[in-house]
Enquirer: 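My questions all concern the structure below.
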Amino acid sequence: MIEGRSTRLRALRSEDAAHHLRWRNDPQVVRWAAAGDPCFGPVTAEAISIAFDIMLRLSPRESAVFTVEDMAGGEVIGMADYRDLDPYAGTATLGITIGEKAFWGLGHGSEALRLLMDHLFGAYGLHRLELDTWSGNERAMRSFAGLGFSEEGRLRSAVLMEGRRYDRVLFGILREEWSALGPA
């Protein structure tokens, strides 16, 4: 387990599938987490079962999915992941979703992402972490910037959401930028 002040990251368990199924079938969660991408949701219980069979077997040397819990009540509130870990280049791609709407805007997602950053820069000695969102998700963009990520580029009009085009916004942070942030 990786613990912060209000948030804990723990290994994914098979019983977490029920939460993922609920979140990925909630239109608001799908909207903010994946800009309405139909590959994210809605999904069937069978699709989640297949995905969990894969996620539970991931090699942490390449990728991992963590469950995000609220420290106060122990409630499962979201998921955080890294993927495309390249030990040669020293890079990985991150993701974060807080699926429990009661916890939106309270800093749990930012703290979970910071815990994941600390883990990857610390335990794996990586040089660079990256992630992206869509330009309509201003809360995520503020969170990423507040964690020290720099906007590195935009894929213009790359996201179609509810009939409107948005940019895909790319963010990155280097080890030395993370080090300058100090302890979480």
Side-chain angles (χ1 to χ4, degrees), residues 1-14 16 19-20 23-24 29 32-35 37 39-40 51-71 74 76-100 103-104 106-134 137 139-155 168-184:
M1 274 191 258
I2 305 168
E3 295 187 350
R5 290 186 196 95
S6 62
T7 309
R8 170 188 306 121
L9 299 181
R10 67 157 171 80
L12 189 69
R13 300 179 190 146
S14 58
D16 295 330
H19 299 288
H20 284 242
W23 300 331
R24 291 182 62 180
V29 174
W32 294 110
D37 184 346
C39 293
F40 187 83
F52 260 70
D53 284 345
I54 294 166
M55 288 189 291
L56 290 168
R57 291 179 176 87
L58 291 174
S59 166
R61 293 183 184 272
E62 299 167 2
S63 57
V65 179
F66 294 92
T67 295
V68 179
E69 291 181 334
D70 173 55
M71 293 280 285
V76 173
I77 63 170
M79 58 184 163
D81 74 278
Y82 66 88
R83 57 198 174 279
D84 305 326
L85 191 146
D86 182 339
Y88 179 74
T91 62
T93 301
L94 310 181
I96 180 74
T97 298
I98 300 300
E100 294 300 328
F103 291 87
W104 287 3
L106 301 178
H108 289 77
S110 293
E111 185 178 57
L113 194 54
R114 177 62 193 261
L115 292 172
L116 186 57
M117 292 165 59
D118 292 351
H119 174 66
L120 292 169
F121 278 128
Y124 287 90
L126 296 181
H127 175 70
R128 171 190 165 77
L129 299 174
E130 56 192 49
L131 72 168
D132 67 67
T133 190
W134 58 291
N137 193 343
R139 185 173 56 217
M141 294 189 336
R142 281 192 309 273
S143 171
F144 301 163
L147 289 167
F149 283 87
S150 296
E151 182 179 322
E152 296 183 331
R154 288 178 177 247
L155 303 176
R168 178 151 315 279
V169 187
L170 311 173
F171 290 86
I173 186 169
L174 303 177
R175 168 179 277 288
E176 57 268 19
E177 296 165 338
W178 165 78
S179 293
L181 295 174

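Numbering of residues begins at 1 and proceeds along the displayed sequence. Model, not experiment: these values are computed from the prediction.
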Enquirer: Judged by atom type as modelled, is there a donor-acceptor pair below 3.5 Å linking the side chain of Ser179 to the main-chain atoms of Arg175?
Expert: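 Yes; at least one donor-acceptor contact below 3.5 Å.
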Enquirer: Applying the side chain to side chain contact (heavy atoms under 4.5 Å, CB included) criterion to Thr7, which one of Glu69, Glu111, Arg114 satisfies it?
Expert: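 Passing option: Glu111.
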Enquirer: Any side-chain to backbone donor/acceptor pair from Arg24 onto Cys39? Under 3.5 Å, distance only.
Expert: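 At least one qualifying donor-acceptor pair exists.
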Enquirer: I'd like to know if the side chain of Asp16 reaches the main chain of Arg13, judged simply by a donor and an acceptor atom lying under 3.5 Å from each other, with no hydrogens or angles considered.
Expert: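 Side chain of Asp16 to backbone of Arg13, a donor-acceptor pair under 3.5 Å: yes, one is there.
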Enquirer: How long is the straight-line distance from CZ of Phe103 back to CD1 of Ile77, given to the nearest 0.5 Å?
Expert: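 Answer for the CD1-CZ pair, Ile77 versus Phe103, is 5.5 Å.
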Enquirer: Side-chain contact test, heavy atoms from C-beta onward, threshold under 4.5 Å: evaluate it for Leu120 versus Leu129 and give yes or no.
Expert: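 Yes - at least one pair of side-chain heavy atoms lies under 4.5 Å apart.
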Enquirer: What closest approach, in Å, do Trp104 and Arg139 show between heavy atoms, and which atom pair accounts for it?
Expert: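 Shortest heavy-atom separation between Trp104 and Arg139 comes out as CE3-NH2, 3.8 Å.
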Enquirer: What is the distance from atom CG of Asp81 to atom CG of Leu94, rounded to the nearest 0.5 Å?
Expert: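 Asp81 CG to Leu94 CG: 7.5 Å, rounded to 0.5 Å.
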Enquirer: So, the side chain of Asp86 versus the backbone of Thr91: is there a donor-acceptor pair under 3.5 Å, distance only?
Expert: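 No: the side chain of Asp86 does not pair with the backbone of Thr91.
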Enquirer: Quick one: closest heavy-atom pair of Phe121 and Leu174, and the distance?
Expert: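 Result for this residue pair: CZ-C, 3.9 Å.
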Enquirer: I need the minimum non-hydrogen distance between Leu9 and Ala80, along with the two atoms involved.
Expert: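 Nearest pair, atom of Leu9 first, then Ala80: CD2-CB, 4.2 Å.
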Enquirer: Can you give me the closest heavy-atom contact between Phe66 and Ala11, atom names plus distance?
Expert: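 So the minimum-distance heavy-atom pair works out to CD2-N, 4.5 Å.
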Enquirer: When rounded to the nearest 0.5 angstrom, what is the spacing between OG1 in Thr133 and CZ in Arg142?
Expert: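 With rounding to 0.5 Å, OG1 (Thr133) is 11.5 Å from CZ (Arg142).
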Enquirer: Side-chain contact test, heavy atoms from C-beta onward, threshold under 4.5 Å: evaluate it for Tyr124 versus Leu85 and give yes or no.
Expert: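 Side-chain contact under 4.5 Å: yes.
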Enquirer: Are the side chains of Phe149 and Glu130 in touch, meaning some heavy atoms are under 4.5 Å apart?
Expert: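 Phe149 does not reach Glu130 side chain to side chain.
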Enquirer: Side chains of Val76 and Val68: does their closest heavy-atom pair fall under 4.5 Å?
Expert: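 No, their side chains stay 4.5 Å or more apart.
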Enquirer: Which atom pair, heavy atoms only, marks the closest approach of Gly95 to Leu116?
Expert: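 Residues Gly95 and Leu116, closest heavy atoms: O-CD2, 4.5 Å.
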Enquirer: Could you give the distance from CZ (Arg8) to CD (Glu3), rounded to the nearest 0.5 Å?
Expert: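 Answer rounded to 0.5 Å: 4.5 Å.
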Enquirer: Do Asp118 and Ile2 have side-chain heavy atoms sitting under 4.5 Å apart?
Expert: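 Sidechains of Ile2 and Asp118: no contact.
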Enquirer: For Ser59, does its backbone N or O pair with a side-chain atom of Glu62 as donor and acceptor, under 3.5 Å?
Expert: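 Side chain of Glu62 to backbone of Ser59, a donor-acceptor pair under 3.5 Å: no, none is there.
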Enquirer: Mind checking the NE2-CE spacing from His19 to Met79? Nearest 0.5 Å is all I need.
Expert: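 Between His19 NE2 and Met79 CE, I get 12.0 Å after rounding to 0.5 Å.
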Enquirer: Can you tell me how far OH of Tyr82 sits from CG of Leu58, rounded to the nearest 0.5 angstrom?
Expert: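 The OH atom of Tyr82 is 8.5 Å from CG of Leu58, to the nearest 0.5 Å.
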Enquirer: Take the angle between the ring planes of His20 and Phe52 and call it parallel below 30°, perpendicular above 60°, tilted in between.
Expert: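 Perpendicular: the ring planes of His20 and Phe52 meet at over 60°.
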Enquirer: Would you call the rings of Phe144 and Phe171 parallel, tilted or perpendicular, taking 30° and 60° as the class edges?
Expert: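 Perpendicular, since the angle between the ring planes exceeds 60°.
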Enquirer: Which residue, Val169, Asp132, Leu170, forms the side chain to side chain contact (heavy atoms under 4.5 Å, CB included) with Arg154?
Expert: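 Exactly one candidate clears the test, Val169.
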Enquirer: Please report the C-alpha distance between Glu177 and Leu181 in whole Å, then the side-chain angles of each, then the deciding distance to 0.1 Å, and finally whether the side chain to side chain contact (heavy atoms under 4.5 Å, CB included) criterion is met.
Expert: CA-CA 7 Å; Glu177 296 165 338; Leu181 295 174; over 6 Å; no
Enquirer: For the residue pair Met55 and Leu12, what are the closest heavy atoms and their distance?
Expert: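 In terms of heavy atoms, the two residues are closest at CB-CD2, 3.6 Å.
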